[in-house]
Amino acid sequence: MKTVLVIGGGGREHAIVDALSRSSQVSKIYCAPGNAGIGGQAENVPLKDTDVQGLKAFAIEHNVDLTVVGPEAALAAGIVDEFRAAGLRIFGHTKAATAIESSKEFAKKLMAKYGIPTASYRSFSDYDEALAYVAARPFPAVLKYDGLAAGKGVVIAQDLEEAKQALAYMLLDKTFGDGRVVVEDFLTGPEFSFLCFVDGDSVYPMPLSQDHKRAFDGDKGPNTGGMGAYTGLPFITPEDREFAYQEIMCKAASAMVSEGLPLSGVLYGGLMKTPQGIKVIEFNARFGDPETEVVLPLLRSDIFDIFDGVASGRPVSDPEWSDEVTLGVVLASKGYPGHYDKGFAIDNLDKVDAKVYHMGTAVREGRLVTNGGRVLMVVCRGKDLSLARSEVYKEIEKIGCDNLFYRKDIAHLAF
């Protein structure tokens, strides 16, 4: 029986731990740092996800057979390189390969070189040059910080004033650090997420999903890390999916091999179905959040086999997936993604007949309390989206907490 360490402490990691707990091969799961909900299925370890040396020492001391990395920060900190150098098996990309997410400019150059469809762009490190370029072009303008920004480094500026603020934020204030800004053409169409397990040239697709970035109903309000997600996208045809798989996901994996930077974890394609065809908005080098929480519950195969196969470079059997669909709604602290308070009691979770993934929770004096911006995600499955949707909202009403809000229109594009 195997011992697994999962790195991270949010809803994505809870979904990974939940999937691992269904494996007949796994006897012990650790999660660092984990959260209050994860603690019900794994042993939480009080180590930060970027404490590479501490995590390596823990894995050696506790005879961990496999480590699975959740957050991009751990990948960018070089955890995979460090673990492999110590002879430890780990699912995730090397620091160099993580550039497909950690540098927008690297990703754009890769796509241009290998003919992967995306918006045309230019990149800048100088504020005045960037502003002059944006001012001379039509709005909206897509401005992306060229680095990791925890999902908050993209601004779609509707006018020059908004562009000035965003460029100052990224280039003058250096909010996310010292970096460049990529200015892209604005594309229109529905966005969707395509997650694949990738090992070099081998690409194993997961069900397509769509998340909802805006805080409020009708896609209004500020961008967040995601307020809900669902699978079973009616606007994507089988031909669309095949194009996205062959011409984007497989091509990107092969391109990284050609560049001497093979992937060995999850490749996330943030894609858009434009009037000119499917194009890449962004690549991420790990499981998406909240997409993971609606995708992994559909996996019929043993996820340990997949993680272990990719981590050791051996062929994996094509994963099997349920033909049901899922829909998940995030419950967030009032005020998120701006200032919010923590420590509000959460009641009645034991009465909820659905998967409840914890994103930002803690236990204080024996009570479950809010401990983050995004707090919980409730996920239901069904043979169609309307069934899954009505179930989710029915179950959410059972949860008692004075400081949570959620969107009432998840999957509105599908209806």
Side-chain angles (χ1 to χ4, degrees), residues 1-2 4 6 11-27 29 41 65-66 68-70 89 91-92 192-211 229-234 236-246 248-250 252-253 263-269 271 286-328 354-355 357 377 379-385 387-388 391 411 414:
M1 296 293 280
K2 305 296 184 182
V4 181
V6 177
R12 163 182 50 209
E13 289 76 30
H14 194 175
I16 292 168
V17 165
D18 182 52
L20 281 164
S21 72
R22 299 195 292 274
S23 169
S24 59
Q25 301 173 71
V26 176
S27 57
I29 307 171
Q41 292 175 295
D65 297 293
L66 174 70
V68 179
V69 185
R89 191 169 289 179
F91 175 90
F192 63 102
S193 304
F194 198 169
L195 281 70
C196 296
F197 298 106
V198 180
D199 178 26
D201 280 315
S202 302
V203 181
Y204 308 97
M206 304 186 215
L208 301 178
S209 57
Q210 184 182 55
D211 82 331
Y230 66 102
T231 62
L233 314 183
I236 299 296
T237 66
E239 294 76 21
D240 289 336
R241 184 185 177 282
E242 187 61 14
F243 177 88
Y245 176 66
Q246 297 290 354
I248 294 175
M249 305 306 289
C250 291
L263 298 168
S264 60
V266 171
L267 179 63
Y268 165 121
L271 311 180
R286 37 76 195 177
F287 278 111
D289 187 357
E291 294 94 338
T292 308
E293 292 92 314
V294 293
V295 168
L296 288 189
L298 296 173
L299 181 63
R300 284 188 170 143
S301 306
D302 187 326
I303 201 166
F304 180 83
D305 282 335
I306 301 169
F307 284 154
D308 194 58
V310 170
S312 56
R314 60 176 167 74
V316 172
S317 301
D318 284 332
E320 290 181 25
W321 302 90
S322 165
D323 52 13
E324 289 189 312
V325 298
T326 47
L327 188 145
K355 279 201 183 294
Y357 293 119
M377 185 166 175
V379 178
C380 286
R381 58 193 282 179
K383 66 179 196 310
D384 62 45
L385 276 173
L387 271 171
E391 281 297 307

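For the pair Phe304/Val4, a side-chain contact is recorded, criterion being any heavy-atom separation below 4.5 Å from C-beta on. Annotation: side chain of Ile303 is not in contact with side chain of Arg22 (no heavy-atom distance under 4.5 Å). You'll find the side chain of Gln25 reaches within 4.5 Å of the side chain of Asp305, heavy atoms only. Residues Asp18 and Lys355 form a side-chain contact, since some pair of their non-hydrogen atoms from C-beta on lies under 4.5 Å apart. A 4.5 Å side-chain heavy-atom check between Val294 and Met377 finds at least one atom pair inside the cut-off.
Residues Gly232 and Pro234 approach most closely at O-CD, 3.2 Å, considering heavy atoms. Shortest non-hydrogen contact noted between Ala354 and Val379 is CB-O, 3.6 Å. Between Ala311 and Leu66, the shortest heavy-atom distance links the atoms CB-CD1, 3.7 Å. Residue Leu299 comes nearest to Glu320 through the heavy atom pair CD1-O, 3.5 Å, listed as atom of the first residue, atom of the second, then distance. Of all non-hydrogen atoms in Val310 and Gly265, the two that sit nearest each other are CG1-N, 3.8 Å. Of all heavy-atom pairs between Leu327 and Ala411, the closest is CD1-CB, 3.5 Å.
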- Task: Given side chain to side chain contact (heavy atoms under 4.5 Å, CB included), test Phe307 with Ile16 step by step and report yes or no.
- Result: CA-CA 11 Å; Phe307 284 154; Ile16 292 168; 4.0 Å; yes
- Query: Under the side chain to side chain donor-acceptor pair (under 3.5 Å) criterion, do Gln41 and His14 qualify, and how do the steps go?
  - Reply: CA-CA 9 Å; Gln41 292 175 295; His14 194 175; 3.1 Å; yes
- Please step through side chain to side chain contact (heavy atoms under 4.5 Å, CB included) for the pair Arg314 and Asp308, ending with a clear verdict. CA-CA 8 Å; Arg314 60 176 167 74; Asp308 194 58; 2.8 Å; yes
- Query: Between Asp289 and Thr292, is a side chain to side chain donor-acceptor pair (under 3.5 Å) present by the stated rule, with each step listed?
  - Reply: CA-CA 6 Å; Asp289 187 357; Thr292 308; over 6 Å; no
- Task: Before giving the answer on side chain to side chain contact (heavy atoms under 4.5 Å, CB included), spell out for Val325 and Tyr230 the whole-Å C-alpha distance, their side-chain angles and the decisive distance to 0.1 Å.
- Result: CA-CA 7 Å; Val325 298; Tyr230 66 102; over 6 Å; no
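The backbone N or O of Pro297 sits less than 3.5 Å from a side-chain atom of Arg381, completing a donor-acceptor pair. Of the possible polar contacts, none joining the Thr231 side chain to the Val295 backbone as a donor-acceptor pair under 3.5 Å is found.
The OG atom of Ser23 sits 10.0 Å away from the CD1 atom of Ile306 when rounded to the nearest 0.5 Å. The distance from atom CD1 of Ile29 to atom NZ of Lys2, rounded to the nearest 0.5 Å, is 14.5 Å. Residue Asp302 holds its CG atom at 5.0 Å from OG of Ser24, rounded to the nearest 0.5 Å. Here the CZ-CG distance, from Phe192 to Leu271, works out to 4.5 Å after rounding to the nearest 0.5 Å. A distance of 7.5 Å separates CG of Leu298 from CD of Glu324, quoted to the nearest 0.5 Å. Phe243 contributes atom CZ, which lies 5.5 Å from atom CD1 of Ile248 (distance to the nearest 0.5 angstrom).
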Could you go through residues 196-207 and list every donor-acceptor pair under 3.5 Å that involves a side-chain atom there, pairing it with any protein atom two or more places apart or in another chain?
residue, atom, partner, partner atom, Å
Asp201, OD1, Ser254, OG, 3.0
Tyr204, OH, Val316, N, 3.2

